[in-house]
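Here is the naming used below: chain letters follow the sequence lines, and residue numbers restart at 1 for every chain.
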Protein chains: 2
Amino acid sequence: MDTAPPDRSPTLDDVAERAGVSRSVASRAINNVGNVSAPKRVAVQRAVRELGYVPNPSARALATNRVGAVVLAVATDEPGIFADAFFAQVIYGISVALEPTDFTLTLVLAGRPEGRAKLQQIVRSRRADGIMLMNLHGDDPLTRLAEQTTVPVVFGGRPLRGEPRWYVDTDNRGGARLATEHLIEAGHRRIATITGPLSLDVAESRHRGFRDAMAVAELPATRVEHADFSEAGGAAAMTRLLRAHPDLDAVFAASDNMAAGALRVLRAHGRAVPGDVGVVGFDDLPTAQHTDPQLTTVHQPVRALGAEMTRMLLSILDGARPTPLILPTRLVARGSTRTPVPG
Amino acid sequence: MDTAPPDRSPTLDDVAERAGVSRSVASRAINNVGNVSAPKRVAVQRAVRELGYVPNPSARALATNRVGAVVLAVATDEPGIFADAFFAQVIYGISVALEPTDFTLTLVLAGRPEGRAKLQQIVRSRRADGIMLMNLHGDDPLTRLAEQTTVPVVFGGRPLRGEPRWYVDTDNRGGARLATEHLIEAGHRRIATITGPLSLDVAESRHRGFRDAMAVAELPATRVEHADFSEAGGAAAMTRLLRAHPDLDAVFAASDNMAAGALRVLRAHGRAVPGDVGVVGFDDLPTAQHTDPQLTTVHQPVRALGAEMTRMLLSILDGARPTPLILPTRLVARGSTRTPVPG
DNA sequence: CAAGAAACTGGGAGCGCTTCCAGTCCGTCC
DNA sequence: GGACGGACTGGAAGCGCTCCCAGTTTCTTG
């Protein structure tokens with residue numbers, strides 16, 4: 001009889017014919033659903049191997065209404081934000097978590113209007129089975145996406161307003177408290193902070209953690225400047241802080257990048273770190289080890305964040321209804337703070 | 001008559017019915033292919049709008065054998081490599097270039113065996129119309145993927161051996177020459193270099209550029225240590241260099257990260273930068289502005305790299321047969337080198 | 001040993017779209 | 001005025017897969 005033409009990739013029918021079974025049986029054998037006798041199953045497996053058969057995802061998607069893809073949407077406009085190591089780490093975590101499955105990762109930068117439109121399109125046309133959404137600002141219209149759509153959405157980091165049904169976040173508040181307590185224990189009293197944009201929950205939470213710790217120690221949390229999580233922004237904020245509060249003896253910056261900027265300005269002003277001023281960052285990006293002195297900072301498990309978001313989304317697709325997850329942070333003491341004084 | 005049930009998203013048939021035309025005409029109108037009279041075209045467009053119709057990509061893919069997705073595969077194992085800002089920038093460039101099209105970006109980390117298998121799977125099952133492949137080591141079996149498969153492959157950076165048909169690269173050799181010449185012009189003579197892993201064309205080319213410039217100036221290019229592009233690797237290499245060549249008065253590090261490591265070691269050894277030792281990096285990542293002193297480095301247009309790869313791939317899918325593209329680099333003089341002495 | 005249950009099989013009807021092609025409807029030209 | 005050509009239309013055949021369901025085979029069990 002005729003054998004499959006070599007210029008066409010084999011279809012399920014080819015496999016079935018070669019294995020001497022019907023297409024249905026072949027399908028069931030391949031998808032490991034029940035009702036296939038052992039010998040036929042083996043025959044199908046052999047045929048698959050011999051033919052080098054790979055199922056056609058489009059056909060499968062059309063038939064099952066599941067496409068085998070999840071999307072990571074990052075709602076950031078500025079290339080600067082996306083370009084830092086943070087998202088690369090998240091992506092790495094997602095990617096590894098996806099490996100054992102046969103889901104595929106679609107990446108959408110949903111900062112600019114074009115990107116957002118694209119995300120809408122992807123969702124509405126069901127090009128993805130689920131969504132991971134990150135970096136939403138407080139009033140982002142994308143939050144509504146989660147309600148409008150039928151595909152499940154997992155948030156990376158809480159949006160500022162409204163608790164989404166599913167999210168994974170790091171313990172920003174606790175981490176910031178840790179950082180501030182570390183400074184207090186090292187004997188600092190006039191502690192300033194540089195926050196991120198307060199329209200972001202991350203920034204808001206870290207600021208709250210700072211105030212928590214200060215309140216407990218009965219210290220004033222009034223030395224505050226706001227910035228945008230960037231190095232340049234951190235530098236500018238530090239400059240303002242020095243002008244407004246020349247007496248400050250420590251700074252908690254809500255990101256490593258801002259801390260790096262602060263470090264630069266402090267040096268330019270002749271303030272020794274950690275001698276005159278202690279500095280703590282947040283994130284523990286690679287940057288933190290490249291500054292001088294190396295940065296004491298709060299480590300957040302970024303890869304795990306990606307991995308856990310993925311796991312959560314997959315479990316939802318699998319019918320589970322998980323609860324939100326908060327990942328722990330920990331302090332990494334390096335050169336930009338003094339060792340805490342005992343007692 | 002009955003209207004489309006609200007719980008099912010509208011199909012082409014719904015559109016056709018509402019517009020009072022046949023499915024074929026609706027399809028043609030939507031895809032802007034000929035043979036549709038103006039009034040029917042308008043009617044279809046209206047129906048699309050009113051129904052909020054979005055074509056089902058799976059069905060379309062099944063019928064046309066084009067899926068509307070391209071994949072970016074990054075052949076890196078170590079999280080450290082992927083996690084730096086470089087790939088984030090590339091992705092940003094790709095993403096922006098993809099926005100005006102309706103292609104989607106699928107990301108695959110093809111470093112670990114699982115990831116590579118996944119890439120194979122994606123390609124063989126035609127889950128993507130084209131591939132962008134980055135960071136291949138010299139002997140990477142993935143190079144063969146480009147030959148085995150029928151979907152076009154665009155390389156980001158040449159693989160070490162064998163000139164692929166389509167690639168976009170930065171002028172690594174020229175950039176390294178620039179860097180080295182800069183050091184020479186600043187009066188340095190005992191110039192060392194820290195290379196990347198020479199199984200990577202990037203590393204090899206940058207090393208060659210270094211030797212080019214040294215040869216032209218008739219200086220010995222013998223102060224060489226190899227590392228892995230990482231900060232820690234750069235630091236270790238710098239330590240070895242100082243031991244083997246204590247007289248060195250400048251270093252060209254083939255990446256900013258390695259340069260940052262070198263800076264750290266130089267400081268620890270009491271060598272002033274740029275007073276005692278001039279340092280130049282390569283890449284111009286954000287890191288380069290956070291070091292102390294800020295790093296003189298070779299800027300490469302990373303976002304453009306991503307964008308150009310994308311453009312090239314899309315043009316190929318469109319039937320074009322473009323030629324490889326080499327992107328220019330330029331020197332960015334900052335604090336880690338002295339101003340060149342005139343004459 | 002018969003009868004009912006359980007396990008297995010494969011035909012066939014879609015999933016939503018594109019596209020070929022045979023047919024219809026005009027306007028035009030000799 | 002009839003025939004011809006071009007513009008347009010829509011029926012129908014897939015694309016490759018899943019899954020329902022009716023039918024068949026095999027195994028229990030009283």
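- A heavy atom closer than 4.0 Å to some atom of DNA chain D occurs in no member of residues 119-130 of chain B.
- The minimum heavy-atom distance between B:Ile326 and B:Tyr167, with the atom names listed, is CD1-CE1, 4.0 Å.
- Look at CG on A:Asp14: it is 14 Å from C1' on D:dC15, rounded to the nearest Å.
- Every residue two or more places apart in sequence or in another chain was checked for a side chain to side chain donor-acceptor pair (under 3.5 Å) with B:Arg165, and none qualifies.
- Over its length, the helix from C:dC1-D:dG30 to C:dC30-D:dG1 turns its helix axis by 40°, as judged from the five terminal pairs at each end, rounded to 10°.
- With sequence neighbours left out, A:Gln45 forms a side chain to side chain donor-acceptor pair (under 3.5 Å) with no residue at all.
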Protein-nucleic acid N or O pairs under 3.5 Å, nucleotides 14-17 of chain C:
from   : atom 1 : to      : atom 2 : distance (Å)
C:dG16 : N2     : B:Ala59 : O      : 3.3
C:dC17 : OP1    : B:Tyr53 : OH     : 2.3
C:dC17 : OP1    : B:Asn56 : N      : 3.3
C:dC17 : OP2    : B:Leu12 : N      : 2.4
C:dC17 : N4     : B:Arg23 : NH1    : 2.9

Only pairs under 3.5 Å count here: list side-chain donor-acceptor contacts from residues 106-115 of chain B, not counting sequence neighbours, and write none if there are none.
from     : atom 1 : to      : atom 2 : distance (Å)
B:Arg112 : NE     : A:Glu99 : OE1    : 3.2
B:Arg112 : NE     : A:Glu99 : OE2    : 3.4
B:Arg112 : NH2    : A:Glu99 : OE1    : 2.8

Validation: residues 306-322 of chain B side-chain donor-acceptor distances under 3.5 Å, sequence neighbours left out:
from     : atom 1 : to       : atom 2 : distance (Å)
B:Thr310 : OG1    : B:Gly306 : O      : 2.8
B:Ser315 : OG     : B:Met312 : O      : 2.8
B:Arg321 : NH1    : B:Ile316 : O      : 3.4

When you compare the protein's N or O atoms with those of nucleotides 7-9 of chain D, which come within less than 3.5 Å of each other, and at what distance?
from  : atom 1 : to      : atom 2 : distance (Å)
D:dT9 : OP1    : B:Ser37 : OG     : 2.9
D:dT9 : OP2    : B:Ser37 : N      : 3.1

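- Not a single salt bridge (Lys or Arg N to Asp or Glu O under 4.0 Å) links B:Arg124 to another residue, sequence neighbours left out.
- Residues satisfying the salt bridge (Lys or Arg N to Asp or Glu O under 4.0 Å) criterion with B:Asp13, sequence neighbours excluded, are B:Arg23.
- The interatomic distance linking B:Asn65 (CG) with D:dC17 (P) rounds to 12 Å, in whole Å.
- Of all heavy-atom pairs spanning B:Ser125 and A:Val54, the tightest one is CB-CG1, 3.3 Å.
- Here salt bridge (Lys or Arg N to Asp or Glu O under 4.0 Å) pairs that include residues 27-45 of chain B, with residues two or more places apart or in two chains, number zero.
- Annotation for A:Lys118 and B:Thr101: closest pair NZ-O, 3.3 Å, computed over non-hydrogen atoms.
- In terms of heavy atoms, A:Thr170 sits closest to A:Pro301 at CG2-CD, 3.8 Å.
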List the atom pairs, with distances to 0.1 Å, where a side-chain N or O of residues 59-72 of chain A and a protein N or O form a donor-acceptor pair under 3.5 Å, not counting sequence neighbours.
from    : atom 1 : to      : atom 2 : distance (Å)
A:Arg60 : NH2    : A:Asn31 : OD1    : 3.1
A:Thr64 : OG1    : A:Arg60 : O      : 2.7
A:Thr64 : OG1    : A:Arg66 : N      : 3.2
A:Thr64 : OG1    : A:Arg66 : O      : 3.3

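- A side-chain contact (heavy atoms from CB on, under 4.5 Å) with A:Met132 is found for one member of A:Ile94, A:Val90, A:Val74 and no other, namely A:Ile94.
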